[in-house]
There are 2 protein chains.
Amino acid sequence: MKSLSHSEENYLKEIFHLSGLTEKRVSTNGLASRLNTKASSITDMLQKLSDKKLVEYVKYKGCFLTEEGERIAIQIIRKHRLWETFLVNKLSFGWEEVHDVAEQLEHIDSEKLIDSLDRFLNYPKFDPHGDPIPDKDGKIVYRKSKIKLLDAATNSRVEIVRVNEDSLALLKFLERHQLTLGTELDVLEKFPFDDSMSVRVGELLEINLSKKVTENIGVKFISKL
Amino acid sequence: MKSLSHSEENYLKEIFHLSGLTEKRVSTNGLASRLNTKASSITDMLQKLSDKKLVEYVKYKGCFLTEEGERIAIQIIRKHRLWETFLVNKLSFGWEEVHDVAEQLEHIDSEKLIDSLDRFLNYPKFDPHGDPIPDKDGKIVYRKSKIKLLDAATNSRVEIVRVNEDSLALLKFLERHQLTLGTELDVLEKFPFDDSMSVRVGELLEINLSKKVTENIGVKFISKL
DNA sequence: AAATATTTTTAGACTTGCCTAAAAATTTAT
DNA sequence: ATAAATTTTTAGGCAAGTCTAAAAATATTT
Ligand SMILES: [Mn+2]
Ligand SMILES: [Mn+2]
Ligand SMILES: [Mn+2]
Ligand SMILES: [Mn+2]
């Protein structure tokens, strides 16, 4: 249970995110591009993490997390999301400003700190981007009945419950158009030509959103129009 | 203005602390013992910091901080003390628990974060151990008329305004005997044999404090008894 | 002022995490 | 089923930060 380097923690976290999506082995190149390193560095680290029994790794076949590796990855994600919540709720950061700082804060090693923070924030269930915050035991309650805005039916009203935090530019765009968490939208029309979508936000404002935008917004159904 | 490694920051901070005490050049061995490294490692790092113009270093003669080095050191100390204050005031940590976590948090690199924290805490002037918190511009307001309890006159009443945070054991000892910041004491008698001192705290409780204790407590004079 | 002791620096080595270039394995296309 | 393209691994190197052992400088004793 000795502690891991920032690098090792970042690898575990990223393996978790990637395999969460695909549920299968994570590729070396996939990791390399997410971690902004070269494939050869990934191979090195996977060998080390494999020695430490944090990932299962077979040469040329990719890797996935062991139970212990996953446990650790989830705790880092818990820290990341709690810190983001702290920054937004207590220090009035904008949701687009918190990720980079949280990337640093997530490596602070103190169980007491993170549990105190959790209590201080009143045990939040979701972070500023709508992602679920794992609890102390690593349990993650995913929001059910959440779909991509891309897939929402026309003539329905939906509520934004999650946005992909990966792109700073997206977050700024959404902020700018008042498309924040909790905002309700009417899905007016979809355009097959470019997979864009027109939505109404508020009483009047009508916007056309590109696929790039709608596939990165999570919504839940509210009602038929 | 590119950012420094944790190690480099720790060296600068420690040079500041050591030269603050003596106001003269800091020795290699002095640094080594405070930083828990070997003298040879100190020499290596001093050469590097000297190249970066953060310390003035002359072989065999020790070092001191340049203006830029001092500026950086003070900002790290500011972060350290603000985080300690946060942990005690907002997350209800005990004053003996905060230092180690602050050693990690002080390296988080975000000016916005630290300024927001400062505001959130209401611009505190002193940390949980009574040490002054440098402001955004690096100005440190030292408490004047502060003396060591060791040097306080007998038959006077004093108030504890600062304790040396270096020893966890001391902090626990003080906590245990209710000798916290703001506590008022009557200095009853000094014993030259071992430089111990008897004090009264509250109405009844009388304690004998060793030199080891009294030289690590800062007090200010309240009144004659 | 030597001789001795202490402090500091140098030399050489190790680990971590990363890189480039080349080799090997795997996948895709013909 | 080969050949070509892609992915992944290996080999060898580099910088940071640390260490031990030995050499050099400085300080202290006699
Ligand atoms: Mn984030
Ligand atoms: Mn987030
Ligand atoms: Mn401290
Ligand atoms: Mn302190």
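Every chain is numbered from 1, with letters handed out A, B, ... down the list of sequences.
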Quick check on dT9(C): is either OP1 or OP2 less than 4.0 Å from any side-chain nitrogen or oxygen of Tyr57(B)? yes
So, Glu106(A) versus Trp83(A): side-chain donor-acceptor pair below 3.5 Å or not? no
Atom CG of Asp44(A) and atom P of dC19(C) are separated, to the nearest Å, by 10 Å
Quick one: which of dT8(C), dT8(D), dT10(D) gets closest to the side chain of Ser27(B)? dT8(C)
Could you give the CD1-to-P distance, from Ile42(B) to dT10(C), as a whole number of Å? 14 Å
Does the structure place the NZ or CZ of Lys90(A) under 6.0 Å from the centre of the six-membered ring of Phe120(A), at an angle of no more than 45° from the ring's axis? yes
Rounded to whole angstrom units, what separation is found between the NZ atom of Lys61(A) and the C1' atom of dA25(C)? 9 Å
Any idea which of dT10(C), dT18(D), dC18(C) is nearest the Thr37(A) side chain? dC18(C)
Is any side-chain nitrogen or oxygen of Ser7(A) closer than 4.0 Å to OP1 or OP2 of dC18(C)? yes
Closest nucleotide among dT26(D), dT8(D), dC18(C) to the Met45(A) side chain: dC18(C)
Measure from the ring center of His80(A) to the ring center of His99(A) and say whether it is less than 6.0 Å. yes
Give the rounded distance in Å between these two atoms: CG of Leu35(A) and C1' of dC19(C). 15 Å
Just N and O in the side chain of Gln47(B): are any of them under 4.0 Å from OP1 or OP2 of dT10(C)? yes
Using a heavy-atom cut-off of under 4.0 Å over every strand shown, decide if Ser41(B) touches base, sugar-phosphate, or nothing. base
OP1 or OP2 of dC18(C) under 4.0 Å from side-chain N/O of Tyr11(A): yes
Length of the line joining Lys52(A):NZ and dT15(C):C1', which is rounded to integer Å: 11 Å
Can you tell me how far C1' of dT16(C) sits from NE2 of His6(B), to the nearest Å? 15 Å
CG of Leu31(A) versus P of dT7(D): gap in Å, rounded? 14 Å
Between Ala39(B) and Ser40(A), which residue's closest nucleotide on DNA chain C lies nearer the 5′ terminus? Ala39(B)
Take atom CG of Asp51(B) and atom C1' of dA16(D), then tell me their distance rounded to the nearest Å. 14 Å
Test Phe86(B) against Phe86(A) for ring-ring contact (aromatic ring centres under 6.0 Å, His included), laying out the working first. CA-CA 12 Å; Phe86(B) 169 72; Phe86(A) 169 73; 5.2 Å; yes
Compute whether any side-chain donor of one residue and acceptor of the other, for Ser27(B) and Asn29(B), lie under 3.5 angstrom apart. no
Using the side-chain heavy atoms of Tyr60(A), tell me which of these nucleotides is nearest: dC18(C), dT26(C), dT8(C). dT26(C)
Would you say Lys59(B) places a side-chain N or O within less than 4.0 Å of OP1 or OP2 belonging to dT10(C)? yes
Between dT26(C), dC19(D), dC18(C), which nucleotide gets closest to the side-chain atoms of Lys38(B)? dC19(D)
Under 3.5 Å, is there a donor-acceptor pair linking the side chains of Asn208(B) and Ser198(B)? yes
Asn29(B) side chain: which of dT8(D), dT26(C), dT8(C) is closest? dT8(C)
